[in-house]
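Here is the structure we will look at, set down as structure tokens.
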Amino acid sequence: MDQGKGLVLVVEDERPIADLLRMYLARDGFGVHVEHDGAAGLAAARRLRPVACVLDIALPGMDGTEVCRRLREAGDWTPVLFLTARDDEIDRILGLELGGDDYVTKPFSPRELVSRVKAVLRRTQGPPPGAEQVRTVGPITIDPARRECLVGGEPVPLTSTEFSLLAHLMGRPGRVFTREELLSSVWGYAAHTGTRTVDVHVAQVRGKLGDAAGVIRTVRGVGYTADA
Ligand code: CA
């Protein structure tokens with residue numbers, strides 16, 4: 001199996017969709033391992049340590065959100081991209097409890113799914129050049145090289161995406177970033193896909209920052225900024 005770009009775990013019970021994803025991801029140079037139910041998917045994630053997981057939500061037995069929850073509970077922050085048939089699940093699956101990194105809504109184009117997987121890996125593997133220095137804004141310190149966030153000296157467990165978002169805002173304190181800009185810089189795709197993802201993730205990061213949440217300020221009608 002060609003694993004040149006790393007192994008992606010796909011958990012999807014609809015075999016035609018799973019086959020399509022396998023084909024498109026493999027064509028792009030990823031190794032692909034497919035499971036068809038949640039329990040097998042969870043076991044494979046633990047055993048194979050993929051670079052990313054694509055989890056269908058509606059799975060027999062344990063659903064995709066439960067698979068993700070159990071990974072996170074065990075301290076596994078492998079990027080997770082959900083497949084969902086329902087728009088109204090988005091807040092929950094990207095939310096604090098589950099820590100999903102992205103989603104696509106069924107029906108989706110396999111090409112779009114592959115580009116989302118690549119985008120999630122771009123922002124979770126290796127920081128851009130010059131982005132390695134430790135930064136402090138107010139009570140928050142981030143260390144991009146170690147992907148570590150400290151508030152008052154205590155570590156805050158952020159997902160890869162949450163970290164990238166916070167690091168981006170803290171990279172230029174006081175500068176206001178629009179949602180579209182953040183979507184493009186942090187998520188790596190164009191703003192026409194919608195900016196709600198940005199708001200949901202900002203809410204999560206604030207939730208985790210606790211008393212330091214005020215460092216991320218909403219600029220009404222514009223976007224967000226980090227300042228002390
Ligand atoms: Ca399904």
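Treat the numbers as computed from the prediction; the structure is a model and nothing was measured. Whatever order the structure lists them in is the order used to number ligands and atoms, beginning at 1.
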Verify, without hydrogens or angle tests, whether Glu12 (side chain) and Glu14 (backbone) share a donor-acceptor contact under 3.5 angstrom.
->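 The answer is yes, because a donor-acceptor pair under 3.5 Å joins these two groups.
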Does any N, O or S atom in Asp56 come within less than 3.0 Å of the Ca ion (ligand 1)?
->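 Here the distance criterion (N, O or S atom, under 3.0 Å) is met by Asp56, so yes.
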Within the stated cut-off of 3.0 Å, is an N/O/S atom of Ala58 closer than that to the Ca ion (ligand 1)?
->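 A backbone or side-chain N, O or S atom of Ala58 is under 3.0 Å from the Ca ion (ligand 1).
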[X] bridged to [Y] by N-O distance under 4.0 Å:
X	Y	value
Arg206	Asp199	no
Arg69	Glu73	no
Asp56	Lys106	yes

Shortest-distance N, O or S atom of Asp13 relative to the Ca ion (ligand 1) |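 Nearest N/O/S atom: OD1.
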